[in-house]
Amino acid sequence: MKLFLVATALFVLAGCTSGATAAGVKFDDEGLADVACMKHQPAPPAADYTDEDGGPTDEVLPVLRYYTAHGKKAFCDGTGPNEADKAWAAVYVDLGADKANVAKLLG
């Protein structure tokens, strides 16, 4: 019975946090897929990504991985970066990553 209650609680908690961090929007890394072009980020980074401590590792690593692999690619819709894309690119650089990987996004 205890195992059932714990499993149920974990399931409910997972459902509540899917797609969002404790402070808001989560980075969309496109499921870690190897993409031919990027899609736009739907919203700017939440406060936990922009805190001076760099944010939680499990949320920051996907940002680093995605832009290192795809940051020089064009957007799938053929347009330039939106404000959210620019904000995420700034997070990437603020984390100490190579600005050259997102230079097109930063303008």
Side-chain angles (χ1 to χ4, degrees):
M1 183 65 167
K2 264 186 172 181
L3 181 60
F4 175 76
L5 292 175
V6 170
T8 301
L10 289 174
F11 179 76
V12 169
L13 287 174
C16 291
T17 60
S18 178
T21 65
V25 177
K26 187 174 180 181
F27 182 77
D28 181 2
D29 65 2
E30 299 192 57
L32 299 176
D34 186 19
V35 298
C37 54
M38 294 187 295
K39 69 179 197 177
H40 296 282
Q41 292 297 316
D48 53 343
Y49 287 96
T50 58
D51 286 345
E52 63 184 56
D53 69 355
T57 303
D58 63 332
E59 294 176 6
V60 169
L61 287 177
V63 177
L64 294 171
R65 190 207 76 65
Y66 182 84
Y67 284 130
T68 299
H70 308 298
K72 294 180 180 178
K73 295 178 180 175
F75 285 99
C76 297
D77 66 2
T79 65
N82 63 30
E83 292 305 311
D85 299 321
K86 292 175 185 178
W88 283 108
V91 166
Y92 177 81
V93 173
D94 289 346
L95 291 168
D98 187 357
K99 186 176 182 177
N101 289 329
V102 293
K104 287 188 338 184
L105 302 177
L106 295 172

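Numbers here simply count residues along the sequence, with the first being 1.
Phe27 has its ring centre no less than 6.0 Å from the ring centre of Tyr49.
Between the side chain of Asp29 and the main chain of Pro62, no donor-acceptor pair closer than 3.5 Å is present. Not one N or O on the side chain of Lys73 forms a donor-acceptor pair closer than 3.5 Å with the backbone of Met38.
Residues Pro81 and Lys104 share a closest heavy-atom pair of CG-O, 3.9 Å.
One distance of note links NZ of Lys72 with CG of Leu105; it measures 11.5 Å at 0.5 Å rounding. Remark: Gln41 CD to Tyr66 OH distance equals 6.5 Å, nearest 0.5 Å.
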Could you give me the CA-CA distance, side-chain angles and deciding distance for Asp28 and Lys39, then say whether salt bridge (charged side-chain N to carboxylate O under 4.0 Å, His left out) is met? CA-CA 9 Å; Asp28 181 2; Lys39 69 179 197 177; 2.9 Å; yes
Could you give the side-chain donor-acceptor pairs of residues 88-100 under 3.5 Å, partners two or more places apart or in another chain?
| unit_1 | atom_1 | unit_2 | atom_2 | d |
| --- | --- | --- | --- | --- |
| Trp88 | NE1 | Ala43 | O | 2.7 |
| Tyr92 | OH | Thr68 | OG1 | 2.8 |
| Tyr92 | OH | Asn101 | ND2 | 2.9 |
| Asp98 | OD1 | Ala100 | N | 3.0 |

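Within the structure, disulfide (SG to SG under 2.5 Å) pairs that include any residue of residues 29-102 comprise Cys37-Cys76 (at least two apart or interchain).
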